[in-house]
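Structure, as structure tokens:
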Amino acid sequence: MEEPIIERYRGNPILTPDDIPYPVETVHNAAVVRHEGRYVMVFRAHRRNGRSILGLAESEDGFRFDPRPEPFLLPATSGEFAEYEEYGVEDPRVTCVEGEHLITYSAYSRHGVRIALARTHDFSRVERVALVSQADMRNVVLFPEKFGDRYARLDRPHSEISPWSIWISYSPDLVHWGDSKVVMKPVTYHWDELKIGPGAPPIRTERGWLHLYHGVFPTMNGAVYRLGAALHDLEDPARVLGVHDGWILQPVDPWETTGYVPNVVFTCGAVPEEDGTVKIYWGGADRVMCVGTASLARLVDLCLEEGRPPY
Ligand code: BMA
């Protein structure tokens with residue numbers, strides 16, 4: 001049998017609602033980054049009213065996480081963010097740019113879903129910066145480096161003529177974004193034919209920026225969420241060098257096929273290691289957190305050697 005692309009950790013799931021010291025129904029779609037030699041996880045959790053908050057857990061080894069006693073970010077109840085976070089905060093991504101941890105998350109309200117940006121230096125004090133998109137937008141990941149003097153992000157606008165595709169945008173100040181270009185689209189009658197969306201913030205490799213994304217296929221039994229891989233040019237990230245034709249992970253374990261939403265693996269974070277591996281984190285069935293390990297070189301090879309065009 002061929003080696004799996006992502007080797008699942010035997011101790012999965014690594015975090016479940018039962019581990020959290022305050023009432024939550026789910027622990028999923030978490031960002032994970034390195035901070036001062038530890039792994040910090042910012043996870044999404046549903047409360048019993050069906051709305052989400054963000055929690056935080058820490059780990060020495062990237063596998064065993066201890067949750068903090070209190071939530072990390074609750075929907076704002078006053079100020080300019082309150083109106084747009086009324087229905088909750090979801091699916092965080094964390095990128096370290098020039099020593100600062102930047103958090104993008106979905107802000108849900110009666111006006112739709114849009115992206116908010118917050119920053120932290122220490123994961124104790126968190127400061128909201130700006131709402132950085134209109135509705136309807138989810139799944140925004142920042143690149144960890146600037147290109148010239150501009151920040152870059154992968155985003156996911158939606159329109160009937162170009163449904164749920166991945167675009168790139170640039171900003172001089174993290175607040176105002178533009179110069180947008182389409183970079184990848186779902187492919188008809190393919191595992192990611194319905195929707196694709198940015199997953200983990202891109203990872204620098206020698207051969208390009210590796211982007212782990214999610215793709216959705218509609219079945220008679222509902223949507224199936226899987227993970228895929230794409231490689232972007234190091235200097236010009238709007239240029240896609242290759243997209244792996246197949247998925248790299250699909251729901252298999254019981255906590256991935258059954259849960260809050262069945263048949264979902266969804267990533268918001270991956271941590272590259274010095275030994276050439278990457279720890280990939282994903283939510284299982286929108287209820288628990290899981291982790292697996294893959295070789296960065298193999299993921300890059302899959303994009304370049306067993307690829308398909310980006311659209
Ligand atoms: C998407 C988002 C994700 C979720 C996925 C599967 O639209 O809501 O947070 O993991 O659906 O339910």
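In each ligand, atom 1 is the first atom listed, and ligand 1 is the first ligand listed.
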I need the atoms of ligand 1 closer than 4.0 Å to a non-hydrogen atom of [X], numbered in the order shown.
X: D91; result: 2 (C), 3 (C), 9 (O)
X: V261; result: 12 (O)
X: F266; result: 3 (C), 10 (O)

Could D286 and R44 be called an ion pair, given the rule that one side-chain N must be under 4.0 Å from one carboxylate O? no
Plane angle bin for H232 and H211 - parallel if under 30°, tilted between 30 and 60°, otherwise perpendicular: perpendicular
Give the ring-plane orientation class for W164 versus H158, where under 30° counts as parallel, over 60° as perpendicular and anything between as tilted. parallel
Looking only at protein heavy atoms, what sits closest to atom 6 (C) of ligand 1 is D286 OD2, 3.4 Å
Note the single closest protein heavy atom to atom 2 (C) of ligand 1, along with its residue, its atom name and the distance in Å. R138 NH2, 3.3 Å
Contact between R44 and ligand 1, counting heavy atoms under 4.0 Å? yes
Does a donor on one side chain and an acceptor on the other come within less than 3.5 Å for N221 and T219? no
For the residue pair Y22 / R47, report whether a side-chain donor-acceptor contact shorter than 3.5 Å exists. no
Geometric N/O contact [X] with ligand 1, under 3.5 angstrom:
X: E90; result: no
X: H28; result: no
X: N29; result: yes

Report yes if the distance between the aromatic ring centroids of Y213 and W191 is under 6.0 Å, otherwise no. yes
Can you check which of W282, Y108, Y225, Y260 brings a heavy atom nearest to atom 11 (O) of ligand 1? Y225
Working note: T95 + V141, criterion side-chain contact (heavy atoms from CB on, under 4.5 Å); need CA distance, chi angles, decisive distance, verdict. CA-CA 8 Å; T95 308; V141 300; 5.6 Å; no
